[in-house]
Every structure is written in C-alpha cells, then in structure tokens.
J.: 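Before anything else, here's the structure in question.
Below, chain A is the first sequence line, B the second, and so on; all start at residue 1.
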Amino acid sequence: MASQAQPQPVATASDIRLYTMLASVPAGRVVTYGQLAELVGFPRRARWVGQILRNLPDGSSLPWHRVINARGQISLPPEDGGQRQAELLRAEGVMVTPDGRVNLADFRWRP
DNA sequence: ACATTGACGCCCA
DNA sequence: GTGGGCGCCAATG
C-alpha cells in the first residue's frame, strides 16, 4: 500500500553530488564549507552547504563533523552540536583546541 | 514580490 | 589574531 506523504525535503542532483563528495572525505581530515561547494562545482555557495548539513537527519552516515569554516573553526555553537563535533573529530585523530579550532594547514583534506 | 535568516567567506580596522 | 561589515545565495516568512 502507498505510504502517507511525509514532509521530506527533495534531494536534487546537486544535493547528491554534495553528499557523495562529503562521503569521500577520509576520517582524520577536514574540509571547509566553501571548499566543499567548490569541489562540487558551485563556488560561492558555502551557505548552501551549511543549509544541507543542517537538514541532514540525525542518523545520517555522512561525516558532517568533518566540515568546518574557512577560519578553521567549528561553526556550530558548542551547546548545539559543536561540542559533539569536536569529540567526533578528536576521536579520529584531528587536533581540536578547547575553543573549537583546527589547524587547516595540518588537517585539510585535498582530493 | 519583499524582508529576513543562516552549520559561510573575504576584507579591513 | 579577532571582530565587524558587507557580499553571496537559497530558503522562509
């Protein structure tokens, strides 16, 4: 039988490209929002990347925590996921300072 | 259609 | 190094 229509965001082709690119970021490395956008062919769309990540379901297998901003900082407020993100990164060997910063020169992923 | 809102980024003080 | 201002762009109200 047909299931009820749920208010679920439609994944566009561009969204899929982003998911795929994000999935290819290895553990222990990080990328920036802008970098990710550029890698999938959409320069200047860093905010779009942030929007996609924000809408990810909680149980997603995507490594959303490997995405930080161009200043090398975790963009999420600590109380709203930022702390969790820092823990996940440290767990895979990324050095994160107590105030949520990562040295991009050391940990940025380059495809 | 217009205004506001962001998991952003670059420039400059 | 840090913060504020402004630009950018899609999503929302």
Side-chain angles (χ1 to χ4, degrees):
Chain A
M1 61 171 266
S3 58
Q4 295 261 357
Q6 291 300 117
Q8 202 145 359
V10 185
T12 69
S14 321
D15 293 345
I16 304 300
R17 290 227 298 278
L18 181 63
Y19 294 145
T20 305
M21 186 59 71
L22 176 55
S24 69
V25 179
R29 308 307 290 284
V30 298
V31 284
T32 69
Y33 297 90
Q35 183 187 354
L36 220 37
E38 187 161 51
L39 285 173
V40 296
F42 294 100
R44 282 182 303 283
R45 295 210 188 172
R47 304 193 94 132
W48 168 68
V49 173
Q51 169 111 12
I52 298 297
L53 296 188
R54 166 127 280 243
N55 289 323
L56 286 179
D58 283 340
S60 174
S61 61
L62 291 173
W64 59 271
H65 57 284
R66 295 180 192 142
V67 188
I68 62 180
N69 67 34
R71 307 264 293 239
Q73 312 170 280
I74 287 176
S75 279
L76 275 166
E79 66 277 12
D80 187 44
Q83 197 56 55
R84 173 75 182 138
Q85 181 171 12
E87 289 169 13
L88 289 170
L89 286 175
R90 292 190 188 109
E92 47 189 51
V94 176
M95 191 175 347
V96 184
T97 64
D99 58 326
R101 312 191 349 161
V102 174
N103 189 321
L104 282 175
D106 294 336
F107 295 102
R108 185 198 288 270
W109 175 59
R110 310 222 196 279

J.: Can you tell me how far OG1 of A:T32 sits from CD of A:Q73, rounded to the nearest 0.5 angstrom?
T.: 12.5 Å
J.: Which letter, B, S or -, goes with each nucleotide of nucleotides 3-13 of chain C from 5' to 3', with contact meaning a protein heavy atom under 4.0 Å?
T.: BB--BBSSS--
J.: Can you pull out the residues from residues 75-85 of chain A that lie within a 4.0 Å heavy-atom distance of DNA chain B?
T.: A:S75, A:L76
J.: Nearest 0.5 Å, what's the CG-CH2 distance between A:D15 and A:W48?
T.: 5.5 Å
J.: Let me know the distance between CG of A:L56 and P of B:dG6, rounded to the nearest Å.
T.: 18 Å
J.: Nearest-Å distance, CG (A:D99) to P (C:dG1)?
T.: 12 Å
J.: Any carboxylate oxygen within less than 4.0 angstrom of a Lys/Arg side-chain nitrogen, looking at A:E92 and A:R66?
T.: yes
J.: If you measure from CG on A:L88 to CD on A:Q85, what distance do you get to the nearest 0.5 Å?
T.: 8.0 Å
J.: Calculate, to the nearest 0.5 Å, the distance between atoms CG and CG belonging to A:L53 and A:L36 respectively.
T.: 7.0 Å
J.: How many whole angstroms separate atom CG of A:N69 from atom C1' of B:dG6?
T.: 14 Å
J.: Testing the basics here: between A:G81 and A:L76, what is the closest heavy-atom pair and its distance to 0.1 Å?
T.: C-CD1, 4.0 Å
J.: Strictly below 4.0 Å, N to O, side chains only: are A:R54 and A:D80 in salt-bridge contact?
T.: yes
J.: Taking the side chain as every heavy atom from C-beta outward, state whether A:L39 and A:P111 have any atom pair closer than 4.5 Å.
T.: yes
